[in-house]
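Quick note on labels: first sequence line is chain A, next is B, and so on, each numbered from 1.
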Amino acid sequence: MRSHGCGDLRSADAGRSVQLCGWVDRRRDHGGVIFIDLRDRSGTIQVTVDPDRGDGAFAAAEQLRSEYVLQIQGTVRQRPSDSLNERLATGEIEVLAETITVLNTVKRTLPFAVSVHDDENVREELRLRHRYLDLRRERMNGNLRLRHKTIQTARHFLEAEGFIEVETPVLTRSTPEGARDYLVPSRVNGGEWFALPQSPQLFKQLLMVGGLERYYQVARCFRDEDLRADRQPEFTQLDMEMSFTTQEQILALNEGLIAAIWKAVKGIELPRPFPRLTWAEAMERYGTDRPDTRYGLELVNVSDIVATSGFKVFSGAVASGGAVKVIAIPGGNDALSNVRIKPGGDVFSEATTAGAGGLAFIRVREGGEIDTIGAIKDNLSETGKAELLRRTGAVPGTLLLFGAGDTATVNKALDRVRQSLAKELGLVAEGRANDAWNFLWVVDFPMFEFNAGEHRLEALHHPFCAPNTDDLGADPAAWAERLPGARAQAYDLVLNGLELGGGSLRIHDSALQRQVLQTIGLPLEEAERQFGFLIEALDLGAPPHGGLAFGMDRIVMLLAGEDSIRDTIAFPKTQQARCLLTGAPAGVATGQLEELHVASTWVDPQ
RNA sequence: GGGACUGUAGUUCAACCGGUUAGAGCACCGCCCUGUCACGGCGGAAGUUGCGGGUUCGAAUCCCGUCAGUCCCGCCA
């Protein structure tokens with residue numbers, strides 16, 4: 001149907017007879033000569049229609065409208081020297097049309113402009129309802145190609161490293177822990193259900209037991225939880241697992257993978273190795289396990305200084321096992337008014353939204369004088385004050401914001417405050433202009449986390465992470481006691497405050513696996529029932545193994561400079577988990593339900 | 001489940017403290033135009049102000065409800 005891509009032609013092609021296909025991006029009708037910008041995925045080129053030449057081409061050109069689909073037979077020629085378009089890659093030439101075939105027309109009003117010249121922000125609802133048109137536009141077209149390039153680079157890299165791509169089931173069994181499952185009723189086995197995988201975690205471990213040694217997959221994952229800008233009910237992981245390897249080898253290999261992607265997509269050589277923080281250090285200095293290290297504003301622990309203070313908010317927090325921490329904001333005295341950091345203020349609200357009781361502050365004045373409420377000032381000794389200023393690096397003009405309470409809440413509150421202030425103070429470049437890529441490995445996560453609501457330990461990553469061998473000790477009899485406080489051989493890759501992926505070495509010893517499952521409150525019989533197949537596999541010659549999974553949607557989002565992963569997915573769902581294009585989810589015929597042995601209890605509120 | 005924001009012509013936006021005929025750019029339609037490239041000129045059409053109710057002499061504007069989209073909390077790794 002065509003001999004060339006519109007965007008591929010150059011001056012060297014002058015004189016060549018070509019056939020092009022594409023969409024009318026724009027038409028300029030001069031009454032005599034008519035210009036058509038013809039667009040296909042390779043780019044656009046100007047097609048010129050001369051009234052004196054071509055067989056019926058001019059009559060056809062007069063009827064053309066935006067987004068008509070054309071096939072054009074013509075000849076490439078140099079443009080007149082005074083009519084070059086430097087902004088167009090094909091701007092030195094044009095195609096003189098001889099025949100115009102209209103392959104399809106536009107029969108109803110376009111919901112929004114598709115042209116490359118129209119970059120108006122269209123309401124997302126409309127974009128999603130007519131996603132095929134949105135995909136025709138430069139932005140989404142580019143994002144999908146960027147996504148393709150990212151995944152292709154990963155495939156080539158892993159291929160060269162000896163990885164084998166294996167597909168794992170989408171219909172699998174539901175397991176406890178983690179997110180809510182999407183369920184699929186079994187017609188053949190009435191009353192029983194498949195679950196869509198939250199990740200291929202167990203299958204990739206079984207592939208290691210299966211002797212694949214190096215596996216990867218571009219895997220679709222499903223989680224039935226509420227959506228966010230960076231969370232969709234179905235999303236894509238670059239999933240991998242390897243045998244006979246150490247954590248160091250896994251991290252090094254993945255740094256290579258990420259560097260290859262950034263090189264291919266952005267042309268950037270990332271400095272390696274990536275910096276590392278232990279989980280404990282990240283929590284202490286940033287209050288989060290995925291710190292944005294593009295800027296400072298670190299949290300400073302001053303619990304020891306105020307432990308004996310007469311100010312009960314501080315000393316009480318320390319006495320009950322919590323902490324008092326500070327963010328020092330250079331120039332904060334001028335930047336942040338009292339109204340904003342006192343009750344009702346936006347900065348105050350950031351802290352209280354995270355569960356903090358409040359946000360104490362000290363303004364540091366000339367000569368090291370401090371300006372704050374009496375209860376704090378009167379209860380701070382001269383040496384205490386000196387140490388506070390020294391440790392926070394405070395100078396005149398610095399604003400100190402305090403979080404006091406149980407450590408988790410303090411961390412959470414100050415993390416929020418830190419992030420919002422960084423944005424406001426211009427410490428991070430917003431949007432597409434962002435060219436700082438601060439990768440960070442967070443290592444040595446704890447195995448477990450206490451769930452206060454359910455009053456039990458939960459696996460921080462998942463219950464198949466191998467514990468740190470030093471923390472565990474050599475004596476299996478002591479495992480039950482030592483496991484709850486042990487660190488895991490687990491790691492996350494963080495970029496500019498977003499978690500890109502994570503993984504761990506896995507347990508390959510069945511006894512240890514049973515012990516871990518019991519630690520999270522799964523009785524032995526239940527563990528066998530749910531995970532017996534894994535435990536059995538571990539007993540049949542499972543090699544030491546470990547791996548990692550990246551969130552591809554997020555990686556592409558960051559590479560594309562987008563704020564939502566919806567802009568990296570061809571057909572995403574809305575926050576209400578609907579597809580505006582197809583209308584899914586939708587009702588089904590009652591016969592379908594009967595066949596599946598399913599009855600709906602849904603009652604329409606109307 | 002909760003909080004916040006948004007919804008006006010095909011589209012992107014405007015419309016002051018509630019005020020009489022709801023405006024503009026682009027797109028669209030018609031006419032003109034042989035070198036434009038976001039072509040240009042003249043003219044035109046286009047509105048259930050998301051939907052329902054209420055307050056008022058009068059509602060795009062205020063109130064209640066509802067639907068949809070977005071951001072966030074909870075949830076989720």
Side-chain angles (χ1 to χ4, degrees), chain A residues 25-38 44-53 58 65-67 79-88 90-91 94 96 106 108-130 133 177-181 198-199 201 221-233 235 237 289-290 346 349-350 352-355 412 416 420 442 445 449 451 453 458-462 465 490 492-494 498-504 548-551 554 563-564 566 573-576 578 580 605-606:
Chain A
D25 191 80
R26 257 186 157 75
R27 186 184 68 122
R28 290 177 294 281
D29 185 346
H30 285 249
V33 68
I34 295 174
F35 299 106
I36 301 157
D37 288 343
L38 191 69
T44 64
I45 189 167
Q46 174 166 284
V47 174
T48 304
V49 190
D50 192 317
D52 308 324
R53 306 175 59 174
F58 189 79
R65 298 293 179 269
S66 291
E67 298 310 307
R79 292 193 187 192
S81 57
D82 58 346
S83 296
L84 306 182
N85 186 345
E86 290 173 6
R87 288 184 299 163
L88 211 58
T90 58
E94 63 190 0
L96 183 64
V106 173
R108 46 183 99 195
T109 308
L110 282 171
F112 50 85
V114 177
S115 167
V116 295
H117 300 294
D118 211 311
D119 54 358
E120 264 184 343
N121 279 328
V122 179
R123 192 149 40 101
E124 189 166 10
E125 199 177 339
L126 263 189
R127 291 173 54 204
L128 293 179
R129 186 155 287 143
H130 304 278
L133 283 182
E177 290 278 304
R180 201 174 288 117
D181 285 320
Q198 296 179 24
S199 79
Q201 180 61 37
C221 306
F222 306 86
R223 292 176 191 169
D224 187 4
E225 297 292 346
D226 287 347
L227 283 67
R228 289 286 189 280
D230 61 353
R231 289 190 343 217
Q232 284 273 304
F235 59 99
Q237 282 188 350
D289 59 7
R290 45 182 175 89
D346 62 321
S349 303
E350 285 291 341
T352 51
T353 300
K412 198 173 173 189
R416 282 187 64 106
S420 75
V442 177
F445 278 76
E449 174 177 57
N451 181 325
E458 272 180 343
L460 199 66
H461 272 86
H462 52 63
C465 295
D492 274 2
L493 182 62
V494 173
L498 283 179
E499 181 198 326
L500 293 192
S504 65
L548 185 144
F550 288 112
R554 281 186 196 174
D563 292 325
S564 163
R566 290 186 302 277
K573 291 177 179 56
T574 68
Q575 194 167 49
Q576 294 304 312
R578 284 197 165 278
L580 294 182
Q606 304 301 314

Counting heavy atoms from C-beta on, name the nucleotide in [options] closest to the side chain of [X].
X	options	result
Arg87(A)	A38(B), C71(B), U34(B)	A38(B)
Arg123(A)	G74(B), A77(B), U8(B)	U8(B)
Arg28(A)	C71(B), G69(B), C37(B)	C37(B)
Glu225(A)	G35(B), C76(B), U11(B)	C76(B)
His461(A)	A77(B), U70(B), G35(B)	A77(B)
Arg79(A)	U11(B), C71(B), U36(B)	U36(B)
Arg231(A)	G35(B), G69(B), G74(B)	G74(B)

Taking atom types as they are modelled, is there a donor-acceptor pair under 3.5 Å from the base of [N] to the side chain of [X]?
X	N	answer
Glu125(A)	U70(B)	no
Asp226(A)	C75(B)	no
Gln198(A)	C76(B)	no
Glu94(A)	G35(B)	yes

**Donor-acceptor under 3.5 Å (Asp50(A) side chain, Asp52(A) main chain)** = yes

Regarding [X], tell me which of base, sugar-phosphate or nothing describes its non-hydrogen contacts under 4.0 Å with the strands shown.
X	result
Ala179(A)	sugar-phosphate
Pro80(A)	base
Thr574(A)	sugar-phosphate

With both distances under 3.5 Å as the test, what is the Watson-Crick or G-U wobble partner of [N]?
N	answer
A38(B)	none
A4(B)	U70(B)
U55(B)	none
C13(B)	G23(B)
C76(B)	none
C28(B)	G44(B)

**Asked** Does the salt bridge (Lys or Arg N to Asp or Glu O under 4.0 Å) test come out yes or no for Arg290(A) and Glu499(A), once each step is laid out?
**Response** CA-CA 6 Å; Arg290(A) 45 182 175 89; Glu499(A) 181 198 326; 5.4 Å; no

**Prompt:** Between Asp226(A) and Arg228(A), is there a side-chain N and carboxylate O pair less than 4.0 Å apart?
**Reply:** no

Given the [atom1] atoms of [N] and [M], what is the spacing between them in whole Å?
N	M	atom1	value
G23(B)	C28(B)	P	23 Å
U34(B)	A15(B)	P	42 Å
A22(B)	G10(B)	P	16 Å
U55(B)	C63(B)	P	15 Å
A77(B)	C5(B)	C1'	28 Å
U11(B)	A27(B)	P	16 Å
A9(B)	A45(B)	C1'	11 Å
U12(B)	U6(B)	C1'	14 Å

**Item:** Syn/anti state for C17(B) [syn: chi within 90° of 0]
**Value:**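 That one's syn.
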
**Prompt:** Distance from Leu580(A) atom CG to Leu126(A) atom CG, nearest 0.5 Å?
**Reply:** 9.5 Å

**Item:** From CD (Gln232(A)) to OG1 (Thr574(A)), nearest 0.5 Å
**Value:** 8.5 Å

Look at the side-chain N and O atoms of [X] and state whether any lies under 4.0 Å from the OP1 or OP2 oxygen of [N].
X	N	answer
Arg228(A)	C73(B)	yes
Arg180(A)	A77(B)	no
Lys412(A)	G74(B)	yes

Donor on one side chain, acceptor on other, [X] and [Y], under 3.5 Å:
X	Y	value
Gln46(A)	Arg28(A)	yes
Asp25(A)	Ser115(A)	yes
Asp181(A)	Gln198(A)	yes

**Prompt:** For every nucleotide of nucleotides 22-32 of chain B, 5' to 3': is a protein heavy atom under 4.0 Å from its base (B), only from its sugar-phosphate (S), or from neither (-)?
**Reply:** ---B---SS--

**Prompt:** Ring of Phe35(A) versus six-membered ring of U36(B): centres under 5.5 Å and planes under 30°?
**Reply:** yes

